[in-house]
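Below: the structure, in structure tokens.
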Amino acid sequence: MKVLVINCGSSSLKYQLIDMDGEKVLCKGLCERIGMESSMITHEANGHKATTPAIFPTHTEAFAEVVKKMTTGEGKCINDVKEIDAIGHRVVHGGEKFKASCLITDEVINTIRELSPLAPLHNPAGILGIEAARKVFGPDIPMVAVFDTAFHSTMPPKAYMYAIPYEYYEKYGVRRYGFHGTSHKYVAYKAAEYLEEPIERLKLITCHLGNGSSIAAVDQGKVVDTSMGMTPLAGLMMGTRCGDLDPSVVNYLKYTLNITGHQLDEILNKKSGLLGISGVSSDKRDVEEAAAAGNKRAQLASDMLNYQIKKIIGSYIAAMGGVDAIVFTGGIGEHDAIARAKICHHMDWLGIRIDTDKNKHPQGDVCEITAWGAKVRTLVIATDEELMIARDTKEVVEK
């Protein structure tokens with residue numbers, strides 16, 4: 001089975017074509033600036049990678065160009081679009097309606113649309129991708145929705161409820177949902193495979209750390225808690241997002257600055273986090289470089305993030321009554337050795353200790369950086385959300 005994996009933004013279309021026989025990536029690419037001037041597509045296949053200008057008024061034209069790149073020229077990887085057996089779409093918010101990946105029908109599309117108020121930037125973009133794919137590929141090719149929130153749907157009410165009037169949960173779905181589910185699921189199962197233990201016997205803490213960051217407590221294969229909330233703004237501070245905040249700060253800023261709710265949303269989502277504290281950049285690499293050069297605000301931003309990660313790991317160990325392994329993944333989790341060292345520092349009493357040399361130079365898709373004698377295993381695992389989406393798509397279609 002060949003599965004085309006799609007991740008749509010409001011002005012972008014990221015794709016991978018995966019041959020599930022051997023789970024080989026046949027091609028991948030990105031369409032950018034859809035609906036704007038200077039649209040472009042980057043396509044990679046057969047060791048050949050090229051970025052070319054294009055005209056993308058809508059996602060439909062972007063999909064048509066993806067088909068052209070896959071079937072012609074140096075980036076050709078299939079002879080005909082009919083070789084694609086299924087399409088898997090990343091959908092950010094499934095609310096309480098979708099607790100697993102599912103076949104896309106008109107009813108499913110309508111329900112995703114109804115959930116758009118919970119993810120106004122993401123769900124409408126996902127629908128654009130689904131509808132454009134239908135136009136280009138036709139109604140006969142099965143399409144599957146894979147939800148960022150689904151893996152977290154096993155959380156118990158004590159973990160996902162907010163302490164506000166219960167009617168707001170009943171009427172408006174106000175609760176914690178969690179995100180990055182495909183990444184947390186992938187690395188959790190990859191960790192179990194590496195540890196040679198059934199996931200049902202393991203207590204894992206998976207740390208997806210990047211421009212957007214979240215942590216999940218996975219007990220016996222089920223998420224029992226996660227750091228993000230009703231939206232991806234909650235939990236850890238991130239590249240430009242504030243993370244957890246005293247709710248009164250929101251009202252205080254709104255009235256003190258005399259700004260609109262939209263302006264406040266811009267501040268909390270796009271001007272806060274590492275960028276807001278450091279004043280340097282939203283990219284952790286730039287922040288660390290500035291900190292090394294003596295920038296105190298950059299050092300503070302780095303220290304704050306590492307401290308918050310450490311606190312959540314500790315709280316999840318308490319919540320699960322122990323932990324067998326901690327997994328680092330995502331751009332920061334996989335590549336920032338200094339952050340991993342600082343996060344795990346002074347956690348010996350919990351059985352967590354990492355090997356300095358192994359931590360500096362992790363090798364391969366799965367690398368163990370556990371120090372000799374440590375009771376808790378520490379792993380660095382390269383995440384692969386596209387492959388997880390492809391696997392879910394294959395499973396749903398075969399059923």
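Numbering of residues begins at 1 and proceeds along the displayed sequence.
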Under 4.5 Å between side-chain heavy atoms, hopping through other hydrophobics if needed: is there a path connecting L257 to V249? yes
Side chains of [X] and [Y]: is there a donor and an acceptor less than 3.5 Å apart?
| X | Y | result |
| --- | --- | --- |
| E368 | T370 | yes |
| K69 | T52 | yes |
| N79 | K76 | yes |
| H184 | S214 | yes |
| T111 | E114 | no |

Is there a donor-acceptor pair closer than 3.5 Å between any side-chain N or O of [X] and the backbone N or O of [Y]?
| X | Y | result |
| --- | --- | --- |
| T240 | S282 | no |
| K14 | L30 | no |
| N46 | E74 | yes |

Is the shortest distance from a Lys or Arg side-chain nitrogen in [X] or [Y] to a carboxylate oxygen in the other one below 4.0 Å?
| X | Y | answer |
| --- | --- | --- |
| D324 | K203 | no |
| R134 | D106 | yes |
| E131 | K135 | no |
| E96 | R175 | yes |

Could you tell me which residues satisfy side-chain contact (heavy atoms from CB on, under 4.5 Å) with [X], sequence neighbours excluded, listed by chain and number?
| X | result |
| --- | --- |
| R285 | D283 |
| K190 | Y186, E193, V366, I381 |
| Y307 | K311 |
| A150 | F147 |

Mind telling me whether Y169 and Y160 have parallel, tilted or perpendicular rings, with 30° and 60° as the class edges? tilted
Can you classify the ring geometry of F137 versus F63 as parallel (below 30°), tilted (30 to 60°) or perpendicular (above 60°)? perpendicular
N258 atom CG: more than 12 heavy-atom contacts under 6.0 Å: no
Please name all residues satisfying salt bridge (charged side-chain N to carboxylate O under 4.0 Å, His left out) with D225, sequence neighbours left out, ordered by chain then number. none
Let me have the donor-acceptor pairs involving side chains of residues 35-42, under 3.5 Å, with sequence neighbours excluded, atom names and distances please.
| unit_1 | atom_1 | unit_2 | atom_2 | d |
| --- | --- | --- | --- | --- |
| S39 | OG | R33 | O | 2.8 |
| S39 | OG | M36 | O | 3.1 |
| T42 | OG1 | T51 | OG1 | 2.8 |

What about the rings of F98 and H93, do their centers lie closer together than 6.0 Å? no
